[in-house]
Amino acid sequence: MSDAYCGGCACGAIRYEISAEPIFMNDCQCRDCQRASGTGHGSYLTFPSRAQVKLTGEPTHWTLVGESGNEKAHAFCPTCGSPVYLALSAHPDLFTVHAASLDDPAGTRRRW
Ligand SMILES: [Zn+2]
Ligand SMILES: [Zn+2]
């Protein structure tokens, strides 16, 4: 059992702890991710099961239909506005976090 991946929003109101290894990590450069992140791409880590995610705080969601035609719910902190995670309607079990929301993104890259 590896240690958990912890992270959250910039102000700390939303926190997550994931006791699983990511099944994939990607940088997405689609226009949606550029708009949502305010930069050239979005970096994400995707975990296999919501059951292994402990979430604290009350994120606000907005929903987008992606290029694939599937709905993506973006969860962000209503206080500081940081994007935290995504939920995909086509894959309700998956839990995708913004890499920048991790407490230790550098450590994640090393382990990956
Ligand atoms: Zn916040
Ligand atoms: Zn994208």
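Computation of the quantities below employed the complete heavy-atom set of this structure, encompassing side-chain atoms and omitting hydrogens, waters and symmetry-equivalent molecules.
Looking at heavy atoms from C-beta onward, Pro59 lies out of side-chain contact with Val84 at the 4.5 angstrom threshold.
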Output, in order, the C-alpha distance, side-chain angles, deciding distance and verdict of side chain to side chain contact (heavy atoms under 4.5 Å, CB included) for Tyr16 and Ile18. CA-CA 7 Å; Tyr16 59 77; Ile18 307 164; 3.7 Å; yes
For Tyr44 and Phe24: C-alpha separation, side-chain torsions, deciding distance, then whether side chain to side chain contact (heavy atoms under 4.5 Å, CB included) applies. CA-CA 8 Å; Tyr44 305 98; Phe24 62 85; over 6 Å; no
Please evaluate residues Ser82 and Ser101 with respect to the criterion side chain to side chain contact (heavy atoms under 4.5 Å, CB included), reporting the C-alpha separation (whole Å), side-chain torsions for both, the decisive distance (0.1 Å), and the verdict. CA-CA 8 Å; Ser82 311; Ser101 71; over 6 Å; no
Verdict with reasoning, Glu17 to Cys6, per side chain to side chain contact (heavy atoms under 4.5 Å, CB included): CA-CA 4 Å; Glu17 191 182 313; Cys6 298; 3.7 Å; yes
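Taking a 4.5 Å side-chain heavy-atom cut-off between Ile, Leu, Val, Met, Phe, Trp and Tyr, the cluster of Val65 contains only that residue. Using a 4.5 Å cut-off between side-chain heavy atoms of Ile, Leu, Val, Met, Phe, Trp and Tyr, Phe76 falls into a hydrophobic cluster with Trp62, Leu64.
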Let me have the donor-acceptor pairs involving side chains of residues 86-97, under 3.5 Å, with sequence neighbours excluded, atom names and distances please.
from: Ser89; atom 1: OG; to: Glu71; atom 2: N; distance (Å): 3.1
from: Ser89; atom 1: OG; to: Glu71; atom 2: O; distance (Å): 3.3
from: Thr96; atom 1: OG1; to: Thr46; atom 2: OG1; distance (Å): 3.0

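Arg50 meets the salt bridge (Lys or Arg N to Asp or Glu O under 4.0 Å) test with no other residue; sequence neighbours excluded. Residues passing the side-chain hydrogen bond (donor to acceptor under 3.5 Å, both in side chains) test with Thr39, sequence neighbours excluded: Ser37. Taking Thr56 as the reference, Arg15 meet the side chain to side chain contact (heavy atoms under 4.5 Å, CB included) condition, with sequence neighbours excluded.
A continuous path of hydrophobic side-chain contacts links Leu55 to Leu102 [ILVMFWY only; heavy atoms under 4.5 Å].
Nearest approach of Cys77 to Ile14, heavy atoms of both residues: CB-CG1, 3.8 Å. Between Gly42 and Cys33, the shortest heavy-atom contact is N-CB, 3.9 Å.
Distance check, rounded to the nearest 0.5 Å: CG of Asp32 to NE2 of His74 gives 6.5 Å. To the nearest 0.5 Å, atoms CD (Gln29) and CD (Gln34) are separated by 7.5 Å.
Checked options His98, Met25, Glu21; the residue passing with Leu45 is Met25 (criterion: side chain to side chain contact (heavy atoms under 4.5 Å, CB included)).
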